[in-house]
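Only this structure's heavy atoms are used, side chains among them; waters, hydrogens and symmetry mates stay out.
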Amino acid sequence: MISASTKRTTLAAILLLAAAMPAYAHVGIATTSSFAAGFAHPLSGLDHMTVMVAVGLWAALKGGKAIWAWPLAFVGVMLVGGALGMLHVPVPFVEPGILASVVALGLLVALAVDLPVSAGVAIIGLFALFHGHAHGTEVPENAGGLDYMAGFAVATALLHAMGIAAGLGLGMRFLGLARAAGAACAAVGAGLVFGVL
């Protein structure tokens with residue numbers, strides 16, 4: 001039987017996804033200089049929310065060290081990417097990489113791909129670099145951007161935690177639901193790639 005707290009967590013995740021508006025990696029210079037703006041940004045669009053929740057779901061499906069290693073890798077490398085963006089260090093294929101992350105992470109969950117933890121860290125880290133860099137480049141030169149990135153990191157970690165909670169709460173009995181969520185993530189990514197979302 002699914003506990004009441006698991007049902008609430010899953011419902012909250014669904015409502016957040018439903019309420020999100022499509023976002024692209026550019027949020028505008030005026031909105032990148034506060035903790036609140038950084039915290040709100042991952043909640044502002046399907047691309048961000050689906051990737052963050054997918055990381056958590058995939059980690060929950062893998063279990064063990066992946067539950068903490070994969071989200072930690074995403075947040076850590078995302079911050080490195082943000083620093084590179086703020087320093088104007090070029091990283092190729094950022095926008096395509098972000099879109100690919102939505103599709104790929106959705107498919108990894110949908111197919112319940114079981115990779116070694118280190119391979120998952122590498123995949124997640126690559127995608128996190130793109131996400132972080134895109135947002136680091138948006139920070140105005142006259143603002144340090146640390147508050148924004150801190151807010152972004154906290155919100156990202158919370159979305160990972162929602163994915164983990166949903167994945168663990170559903171458990172193996174409801175693996176199909178977790179995989180369906182991954183398929184939905186991949187579909188959102190395809191919709192963004194083809195401009196229908």
Side-chain angles (χ1 to χ4, degrees), residues 1-23 39-75 78 97-128 130-131 152-194 196-197:
M1 185 107 202
I2 299 175
S3 70
S5 64
T6 301
K7 288 179 183 175
R8 284 192 295 271
T9 301
T10 304
L11 178 61
I14 291 167
L15 290 174
L16 282 172
L17 286 172
M21 297 185 61
F39 186 87
H41 185 69
L43 308 176
S44 68
L46 287 174
D47 57 344
H48 298 291
M49 291 186 64
T50 53
V51 166
M52 306 318 164
V53 173
V55 167
L57 279 171
W58 193 35
L61 290 175
K62 174 67 176 171
K65 292 180 183 178
I67 291 176
W68 60 266
W70 290 354
L72 184 62
F74 193 99
V75 173
M78 179 188 71
I98 290 171
L99 293 174
S101 73
V102 183
V103 175
L105 286 165
L107 288 175
L108 289 167
V109 173
L111 300 173
V113 175
D114 185 15
L115 295 177
V117 173
S118 58
V121 164
I123 292 167
I124 287 167
L126 176 64
F127 291 142
F130 295 137
H131 282 267
F152 192 82
V154 169
T156 296
L158 289 174
L159 287 168
H160 290 331
M162 285 178 64
I164 291 168
L168 293 177
L170 292 171
M172 294 309 290
R173 281 183 51 191
F174 297 97
L175 179 61
L177 289 176
R179 293 178 72 174
C185 176
V188 165
L192 292 171
V193 167
F194 293 107
V196 295
L197 289 178

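Annotation: salt bridge (Lys or Arg N to Asp or Glu O under 4.0 Å) contacts involving residues 115-127, sequence neighbours excluded, are absent. Among residue pairs with one or both ends in residues 176-194, none qualify as side chain to side chain donor-acceptor pair (under 3.5 Å); sequence neighbours excluded. Listed by first then second residue, pairs satisfying salt bridge (Lys or Arg N to Asp or Glu O under 4.0 Å) with a partner in residues 182-193 number zero, not counting sequence neighbours. Counting only residues at least two apart or in different chains, side chain to side chain donor-acceptor pair (under 3.5 Å) contacts with residues 180-193 are absent.
Between F127 and F74, the shortest heavy-atom contact is C-CE1, 4.4 Å. Smallest separation of non-hydrogen atoms from A66 and P71: O-CD, 3.4 Å.
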Report, one line per pair, each donor and acceptor closer than 3.5 Å where one atom sits in a side chain of residues 158-169; sequence neighbours left out.
unit_1: H160; atom_1: ND1; unit_2: M52; atom_2: O; d: 2.8

Just distance, no hydrogens or angles: give the donor-acceptor pairs under 3.5 Å from side chains in residues 182-190, sequence neighbours left out.
none

Pairs of donor and acceptor atoms involving the side chains of residues 99-118, under 3.5 Å and at least two apart or interchain, shall be tabulated with distances.
unit_1: S101; atom_1: OG; unit_2: I98; atom_2: O; d: 2.5
unit_1: S101; atom_1: OG; unit_2: H131; atom_2: NE2; d: 2.9
unit_1: D114; atom_1: OD1; unit_2: K62; atom_2: NZ; d: 2.7

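Scored by the side chain to side chain contact (heavy atoms under 4.5 Å, CB included) test, A157 finds V75 as partners (sequence neighbours excluded). Residues satisfying the side chain to side chain contact (heavy atoms under 4.5 Å, CB included) test with A181, not counting sequence neighbours, are L57.
A distance of 9.5 Å separates CZ in F39 from OG1 in T156, rounded to the nearest 0.5 Å.
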